[in-house]
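The next block holds one structure in the form of C-alpha cells; read it before the comments.
Because only heavy atoms are used, hydrogens play no part in the values below, and waters and symmetry mates are left out as well, while side chains stay in. Chain identifiers are assigned alphabetically (A, B, ...) following the order of the sequence lines, protein sequences preceding nucleic acid strands; residue numbering begins at 1 within each chain. No experiment lies behind these values; they were computed from the predicted model shown.
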There are 2 protein chains.
Amino acid sequence: MVEHSARLDAVFHALSDPTRRAMLGHLAERDCTIGELATPFSMSFAGASKHVRVLERAGLLRRRIRGRIHQCRLQAERLAEADAWMRRYEHFWNDRLDTLEALLRAEDTSRAKKQKD
Amino acid sequence: MVEHSARLDAVFHALSDPTRRAMLGHLAERDCTIGELATPFSMSFAGASKHVRVLERAGLLRRRIRGRIHQCRLQAERLAEADAWMRRYEHFWNDRLDTLEALLRAEDTSRAKKQKD
DNA sequence: GATATATTGAACCACATGGTTGAACATTCC
DNA sequence: GGAATGTTCAACCATGTGGTTCAATATATC
C-alpha cells in the first residue's frame with residue numbers, strides 16, 4: 001500500500017473542524033469565492049481564509065484565481081482516499097446487522113423444523 | 001439531522017494522527033491491552049495512554065478494566081457515522097468515472113455514425 | 001488617479017496537542 | 001509483606017490551533 005499517511009493526516013485534520021465541514025457542504029452545492037465561504041460564519045475574512053488554506057493543503061478544494069476573486073471548487077479525490085481507509089473497518093459496524101440476520105435465519109430454520117415435526 | 005457535529009469533530013480529530021490510526025489497525029485484528037498498543041511505537045507508556053484516551057473519548061474504542069489490565073476493543077459505530085458523513089460526497093469522487101464513461105459512449109456513437117456514413 | 005472590493009500577510013492571543021519524565025496507584029505474584 | 005507489573009497522573013516543553021486586528025497587495029470601477 002502507498003504511503004498515504006501524511007495525506008490522511010491532513011484530510012482528517014481538515015475534517016475535524018465544523019466550520020471547514022460546513023464549507024465543504026457549501027462547495028458541494030456550487031463553487032464559491034472566499035467571501036461566499038466566509039459570510040455564513042460570524043468570522044473575520046482572514047479567519048475564513050485560513051480555513052480555506054487548510055482545506056486546500058489537504059487537497060479537498062482547488063482554487064482558481066480570476067482577477068481579485070478566488071474561486072474554490074470541491075475536489076473529492078482525497079475524501080475518497082479517506083473513505084477507502086474507513087471502509088476497511090466497514091464489517092465491524094455491520095457486524096450487529098450480520099448477527100441479527102443470523103439470528104433471524106436460525107429462528108426460521110427452527111420454525112421450519114417445528115412445522116415438519 | 002441530529003447534531004452529530006461535536007462527535008464528528010472528535011472522531012476526525014482522533015483519526016488525524018497516524019499513531020492512533022495504527023492503533024485502530026491493531027484493534028481490528030484483536031483486542032489489546034494498553035501495553036500491547038504502546039509497544040509497536042517507540043513511545044512512552046504514558047504517551048500511548050494519552051492516545052488511547054483520545055480514541056476512547058471519540059468513542060472509537062471501549063475499555064474493560066480487569067484488575068490492573070485495561071483491555072481495549074474496537075468500537076466502530078462512530079466510524080460508521082463519520083463514513084456516513086463522507087458518503088454524502090461520494091458522487092463527487094465518482095463523477096470522473098461517470099464523465100469518462102459518458103465520453104466513451106459518445107465516442108462509440110460517433111464511430112457507429114462514421115461506419116454508417 | 002482615486003476609491004472600493006477581494007484577498008492575504010504578519011503579529012498576536014489563549015488554548016490544545018503530542019510528546020517527555022518521574023512519581024503514584026492498583027493489582028498480582030513470590 | 002515486598003517486589004514486579006500495568007496503567008495513570010502531574011508537570012513540563014515545543015509546537016500547532018482557531019481566532020483576532022490591522023496593514024498590505026492586487027484588481028476593478030468611477
Going by number, which of residues 45-58 of chain A have a non-hydrogen atom under 4.0 Å from DNA chain D? A/Ala46, A/Gly47, A/Lys50, A/His51

Could you tell me the separation between the CD1 atom of A/Ile65 and the C1' atom of C/dT7, rounded to a whole number of Å? 9 Å

If the condition is salt bridge (Lys or Arg N to Asp or Glu O under 4.0 Å), which residues does A/Asp17 pass it with, not counting sequence neighbours? none

Dump the intermediate steps for side chain to side chain contact (heavy atoms under 4.5 Å, CB included) on A/Val11 and B/Phe12, then the final yes or no. CA-CA 9 Å; A/Val11 170; B/Phe12 283 129; over 6 Å; no

Summary of salt bridge (charged side-chain N to carboxylate O under 4.0 Å, His left out) pairs that have at least one residue in residues 38-56 of chain B, sequence neighbours excluded: B/Glu56-B/Arg63

Give a yes or no on whether the backbone of B/Gly35 and the side-chain of B/Thr39 come within a donor-acceptor separation of less than 3.5 Å. yes

Integer-rounded Å distance: D/dA26 P and A/His70 NE2: 11 Å

List in chain and number order the residues that pass side-chain contact (heavy atoms from CB on, under 4.5 Å) with A/Arg66, two or more places apart in sequence or in another chain; answer none if no residue qualifies. A/Arg64

Has the side chain of A/Glu36 got a donor or acceptor atom that lies under 3.5 Å from a matching backbone atom of A/Thr33? yes

Below 3.5 Å between N/O atoms, which protein atoms pair up with nucleotides 23-30 of chain C? Just atom names and distances, please.
from, atom 1, to, atom 2, distance (Å)
C/dT27, O2, B/Arg68, NH1, 3.3

Let me see the working for B/Ser5 and A/Arg21 under side chain to side chain donor-acceptor pair (under 3.5 Å), right down to the final yes or no. CA-CA 9 Å; B/Ser5 190; A/Arg21 287 198 306 276; 3.2 Å; yes

Using a 6.0 Å cut-off, check whether atom CZ of B/Arg57 has over 12 heavy atoms from anything other than its own residue. no

Expressed as a whole number of angstroms, how long is the span from A/Ile69:CD1 to D/dA28:P? 8 Å

Answer yes or no: are there more than 12 heavy-atom neighbours, outside B/Arg73 itself, under 6.0 Å from its atom CZ? no

The correct set of residues in residues 21-44 of chain B placing a heavy atom under 4.0 Å from DNA chain D is B/Thr33, B/Ile34, B/Gly35

Check: A/Gly25 main-chain N/O paired with B/Tyr89 side-chain donor or acceptor under 3.5 Å: yes

Rounded to whole Å, NE2 of A/His13 lies from P of C/dA16 at a distance of 15 Å

